[in-house]
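The block underneath contains the structure these notes are about, expressed in structure tokens.
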Amino acid sequence: MTPIRCIGICTGGGDAPGLNAVIRAAVKCAFLKYKWKIIGIPDGFDGLIWPEKSYELTLKHVSGILPRGGTILGTTNRGNPFKHSWVENGKEVIRDISDDVIANARKLGIDGVVSIGGEGSQAIALELFHKGMPIVGVPKTIDNDLSATEVTFGFDTAITTATDAVDKIHTTAESHHRIMVVEVMGRDAGWIALEAGIAGGAHVILIPEIPFTIENVCNFVRERESYGRRFTIVVVAEGVKLPPELKDNRRVGSVGNLIGSAIGAISNKEVRVSVLGHIQRGGTPTPYDRILATRFGVAAVDLIAQGGFGKMVCLHCDRVEAVDIAQAIGRLKMVDQPNACEVWRACRLGWICRLGKNGRQGEEKSRAGKH
Ligand code: F6P
């Protein structure tokens with residue numbers, strides 16, 4: 001194995017609270033434990049298209065960044081060296097520039113890359129690894145839907161923010177006897193909606209994994225009214241599958257607004273909608289996320305030292321381990337996968353299951369293969 005003297009670090013995809021904590025831990029571990037040089041690669045793999053933009057990361061750069069959200073390295077969720085797009089003679093051209101990216105990493109003297117990113121970034125990391133780039137992965141997404149790790153950092157911060165919002169919505173909903181719809185993130189899986197909904201005491205939780213109908217939601221609202229509860233809080237994941245009657249409107253506005261208007265029309269009650277959006281991705285990471293991110297950063301550097309290229313660090317039974325990146329991608333962790341979550345099993349016994357089609361739990365289905 002080539003002795004390691006220098007590593008590169010990059011962050012790709014949407015940001016998540018805790019990215020800076022990973023960078024800080026990786027820099028400290030690489031410098032203090034292994035005496036390596038560290039190169040910061042800006043804006044994901046795009047930073048290797050223009051290597052002159054990369055710079056040496058020192059302890060000074062990472063001092064004080066532990067509580068900071070975002071990423072000091074910058075990120076992009078469009079950068080893919082295998083499908084790099086730019087405009088030539090007024091036309092968009094797509095090219096594979098992965099050879100240049102690998103050559104530029106070598107020119108910078110990088111012997112190993114820590115790629116911090118979600119499903120898409122890890123898929124790119126794997127392709128680069130197959131072409132010879134020595135690379136290890138660190139999983140990241142606030143959606144917590146990567147199947148190879150029990151938890152991703154950023155999720156705890158996101159559900160803390162969303163729960164705080166639901167708590168605040170509670171008092172105003174109750175005062176005005178309204179239905180309040182809170183739309184949270186979760187493009188494919190309903191983890192944020194499920195956990196923030198439970199933590200915030202929401203009455204209805206709509207997630208991509210369970211089909212629902214507006215009528216069932218309204219029946220549930222009526223049932224609450226019948227025993228004197230004149231307000232209802234509905235938490236909805238942005239990736240929820242709309243019932244057929246709303247599908248045509250999918251492109252018009254947020255799903256929260258669509259669902260809110262439909263509930264208002266049928267229930268004849270006042271409805272207000274809050275779309276939390278990127279607030280859930282910003283701000284200071286929770287202590288849990290700082291600690292998990294720090295553990296991942298150290299583990300990724302140790303993985304490079306052990307020559308564990310092509311692997312990604314992960315959390316398994318609360319221990320930091322490593323899996324092949326190839327096994328970590330291509331299948332998302334959905335709420336309804338068997339044994340995915342004991343919170344989910346508990347919910348199926350209770351009120352969530354009342355909202356599926358025909359008032360029963362929606363059909364269980366695996367989303368294996370979703371990328
Ligand atoms: O995957 C993380 C996530 O925050 C999703 O929940 C959300 O749909 C998406 O990223 C938003 O991405 P963007 O920042 O590009 O709008």
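Keep in mind that what you see is a predicted model, and the values were worked out from it rather than measured. Whatever order the structure lists them in is the order used to number ligands and atoms, beginning at 1.
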What residue and atom, counting heavy atoms only, is the protein's closest point to [atom], and at what distance?
| atom | value |
| --- | --- |
| atom 3 (C) of ligand 1 | Arg281 NH1, 3.6 Å |
| atom 15 (O) of ligand 1 | Asn77 ND2, 2.8 Å |
| atom 8 (O) of ligand 1 | Glu238 OE2, 2.5 Å |
| atom 6 (O) of ligand 1 | Asp143 OD1, 2.8 Å |

Short list, please: which atoms of ligand 1 are under 4.0 Å from a heavy atom of [X]?
| X | answer |
| --- | --- |
| Gly186 | 6 (O) |
| Met185 | 4 (O), 6 (O) |
| His278 | 13 (P), 14 (O), 16 (O) |

Original post:
Can you tell me if NZ on Lys28 sees more than 12 non-hydrogen neighbours from other groups inside 6.0 Å?
Top reply: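 At most 12 heavy atoms, drawn from other residues, nucleotides or ligands, come within 6.0 Å of this atom.
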Original post:
Regarding Thr76 and Asp46, is there a side-chain donor-to-acceptor distance under 3.5 Å anywhere?
Top reply: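 Per modelled atom types, Thr76 and Asp46 side chains form no pair under 3.5 Å.
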**OP:** Quick one: look at Ile192 and ligand 1, take heavy-atom pairs under 4.0 Å, and tell me if it's side chain, backbone, both or neither.
**Re:**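 No part of Ile192 comes within reach of ligand 1.
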**OP:** Flag the pair Thr163 / Ile198 as yes when at least one side-chain heavy-atom distance between them is below 4.5 Å, and no otherwise.
**Re:**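 When only atoms from C-beta onward are counted, Ile198 and Thr163 do not touch, as no gap falls below 4.5 Å.
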Original post:
Applying the 4.5 Å side-chain criterion to the ILVMFWY set and letting contacts propagate, would Ile97 and Phe82 be lumped into a single cluster?
Top reply: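 Yes, Ile97 and Phe82 fall within the same hydrophobic cluster.
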Original post:
Is Val236 reachable from Leu258 through a run of I, L, V, M, F, W or Y residues, each pair having side-chain heavy atoms under 4.5 Å apart?
Top reply: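 Leu258 clusters together with Val236.
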Subject >> Short N-O contact, Lys311 and Asp324, less than 4.0 angstrom >> reply: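 The answer is yes: the pair qualifies as a salt bridge.
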Original post:
Does Lys333 come within less than 4.0 Å of Glu150, counting only side-chain N to carboxylate O?
Top reply: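 No, this pair does not count.
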Original post:
For ligand 1, is there an atom lying under 4.0 Å from some heavy atom of Gln280?
Top reply: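 Gln280: no contact with ligand 1 (<4.0 Å).
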